[in-house]
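Inspection log for the structure reproduced underneath, given as structure tokens.
Below, chain A is the first sequence line, B the second, and so on; all start at residue 1.
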2 protein chains.
Amino acid sequence: MPKEARPGTGEQAKQHALEQLRQAISRGEMAPAQRLVENELAEQFGVTRASIRAALIELASEGLVERIRNRGSRVRVVSVEEAVAITECRMVLEGLCAAKAAVEADEEQLTELADLGTAMSKAVADGEPLTYSDLNHQLHARIREFSGQRVAVELLERLNAQLVRHRFQLALRPGRAQRSLGEHLAVIEAIRARDPQAAEAAVRAHLASVIDALSE
Amino acid sequence: MPKEARPGTGEQAKQHALEQLRQAISRGEMAPAQRLVENELAEQFGVTRASIRAALIELASEGLVERIRNRGSRVRVVSVEEAVAITECRMVLEGLCAAKAAVEADEEQLTELADLGTAMSKAVADGEPLTYSDLNHQLHARIREFSGQRVAVELLERLNAQLVRHRFQLALRPGRAQRSLGEHLAVIEAIRARDPQAAEAAVRAHLASVIDALSE
DNA sequence: GCCAACAAGATTGTCAACGATTTCGTTGCC
DNA sequence: GGCAACGAAATCGTTGACAATCTTGTTGGC
């Protein structure tokens, strides 16, 4: 009876359940508004209910699930209005990160950004929206990372986790990649030029365009 | 034996403990890095350890306490560097709120901001830093509120909760109120003029000055 | 036939006890 | 006298059971 996949990690039961649940939600394996019954989850993940409870409390605090007194937990559904509000926050926070990255990044990191840019251009030229979406995430993540702003990084990762469903929907929209590509290249250009103000402006322009696309 | 202060609210034990603990930390009643032993807290608040555990997990997710496996919980100490990083995030997020408030606020709310401005001027003129600090918080809170940006508001409140100790230290610094006052008045002016860009710039200038003061 | 009161089922909240891990003081050895 | 291994105390993590609450299906009355 395999209780855990990787015993070497020494994960506590709660951490194990937390990570499993978080990934399941982030991958969209849990339907939106699906009920999360503690007993079922406990059996499903092979841990006790207390561990599931702890994980759910933490996920609720991250905004991924919704808990109602004596009524249980659901995966939270984010409305379009809320997705816009979240993206507005991303806009200013990623703007901050880009500005700092333009100052803090070293030459090797700048090269990595340039490589990502060419890869993205290729993905668009080849008409591979899936690859492009993946590179998109990588680019945003790298810029965050290079900024060295850990507080902003944590906030952004938390916000991004709430957008999985909308993000999925947005990536498949035809013509979106072409528009997005130009904006991304502008961001990369500004950071490589070590111009914090231009970098912030470019990121904000990009996410403003995402907000437009979200609102349709 | 009074078990709870207000039975009318119908608070669950966990919610009760959570609120008590959060306020105790926010008011600085718990020393920084103080150990939070679950048994002691349980007895102190008249609830069981399970409730305390749930509350601690939530507070840890909010960044107010720090939990280490099998080692217990402490109230988290934020270094000066971290306080600066947090304030950088506040800078862009409050900038966003101010810009939205400049567009969204109604006339009554603008009047309230103006009144707060005159009250702050008076507090500085009378040399009452305590009153000024209080009005300061009110002003920031009102601007957040008027923006209607609930996501940003929640992020900001979470960030602010982590700064209690540094904020306390900053308010007492001589000459700080005078400088701060001018920046605050500029923010109010920009919002009343319904100029989102100017409002954002004013807020960012103000918090940039706070960052300078933090770094000394 | 429809609505309200009621009861059964399901689910979460709470509790006390057990097991695992870490910390710290003590003892024995070099 | 200093250091390592050992053991006791403290504390957290986990478990299973119980109580409180909500939901749902049923029954009785109008």
Side-chain angles (χ1 to χ4, degrees), chain A residues 1-22 24-25 30-31 33-76, chain B residues 1-22 24-25 30-31 33-76:
Chain A
M1 196 188 281
K3 209 163 199 176
E4 42 185 329
R6 277 164 277 164
T9 57
E11 287 170 347
Q12 300 290 77
K14 176 216 151 193
Q15 291 298 323
H16 180 65
L18 178 70
E19 218 46 52
Q20 290 276 82
L21 250 178
R22 198 201 308 269
I25 295 176
M30 303 289 200
Q34 177 174 342
R35 287 200 64 186
L36 299 172
V37 180
E38 298 180 355
N39 265 326
E40 293 177 7
L41 295 175
E43 192 170 2
Q44 182 177 339
F45 293 129
V47 298
T48 58
R49 205 162 69 89
S51 303
I52 292 290
R53 273 180 79 72
L56 285 175
I57 289 172
E58 195 155 343
L59 289 175
S61 184
E62 291 178 20
L64 266 73
V65 309
E66 202 174 16
R67 286 170 59 82
I68 313 172
R69 263 193 35 156
N70 295 322
R71 290 237 242 140
S73 309
R74 290 196 238 266
V75 315
R76 203 166 77 88
Chain B
M1 198 187 283
K3 211 164 197 175
E4 42 184 331
R6 277 164 277 165
T9 57
E11 286 170 346
Q12 301 288 75
K14 175 216 152 192
Q15 291 299 324
H16 180 66
L18 178 70
E19 218 45 52
Q20 289 277 81
L21 250 178
R22 197 201 307 270
I25 295 176
M30 304 286 201
Q34 177 173 342
R35 286 200 64 185
L36 300 173
V37 179
E38 297 180 357
N39 266 326
E40 292 178 9
L41 295 175
E43 191 170 1
Q44 183 177 339
F45 294 130
V47 298
T48 58
R49 233 184 83 210
S51 304
I52 293 290
R53 268 179 84 70
L56 285 175
I57 289 172
E58 195 156 342
L59 289 175
S61 186
E62 293 178 19
L64 265 74
V65 310
E66 203 174 17
R67 305 189 76 227
I68 313 172
R69 260 192 37 155
N70 294 323
R71 290 241 241 139
S73 310
R74 291 194 230 266
V75 315
R76 202 167 77 90

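- Annotation: side-chain hydrogen bond (donor to acceptor under 3.5 Å, both in side chains) contacts of A:E58 (sequence neighbours excluded): A:K14.
- Scanning for salt bridge (Lys or Arg N to Asp or Glu O under 4.0 Å) contacts around B:E66 gives an empty result, with sequence neighbours left out.
- The salt bridge (Lys or Arg N to Asp or Glu O under 4.0 Å) check on B:R35 picks up nothing, with sequence neighbours excluded.
- Taking 4.5 Å as the limit, some side-chain heavy atom of B:L21 sits within range of a side-chain heavy atom of B:L56.
- The salt bridge (Lys or Arg N to Asp or Glu O under 4.0 Å) test applied to B:R71 returns no partner, not counting sequence neighbours.
- B:S51 is linked by a side-chain hydrogen bond (donor to acceptor under 3.5 Å, both in side chains) to nothing, counting only residues two or more places apart in sequence or in another chain.
- Put simply, CD on A:E43 is 12 Å from P on C:dT11, counting in whole angstrom units.
- B:T48 is linked by a side-chain hydrogen bond (donor to acceptor under 3.5 Å, both in side chains) to nothing, counting only residues two or more places apart in sequence or in another chain.
- Comparing the helix axis at one end of the helix from C:dG1-D:dC30 to C:dC30-D:dG1 with that at the other, each defined from 5 consecutive pairs, gives an inter-axis angle of 10° (nearest 10°).
- Between B:T48 and C:dT14, a side-chain N or O to OP1/OP2 separation shorter than 4.0 Å is absent.
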List every contact pair, protein side and nucleotides 9-12 of chain D side both N or O, where the distance is under 3.5 Å.
residue : atom : partner : partner atom : Å
D:dC12  : OP2  : B:E38   : N            : 3.4
D:dC12  : O3'  : B:N70   : N            : 3.4

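- Atom C1' of nucleotide D:dC22 and atom CZ of A:R74 are separated by 13 Å, given to the nearest angstrom.
- Atom P of nucleotide C:dG13 and atom CD1 of B:I57 are separated by 13 Å, given to the nearest angstrom.
- For A:R74, there are no salt bridge (Lys or Arg N to Asp or Glu O under 4.0 Å) partners two or more places apart in sequence or in a different chain.
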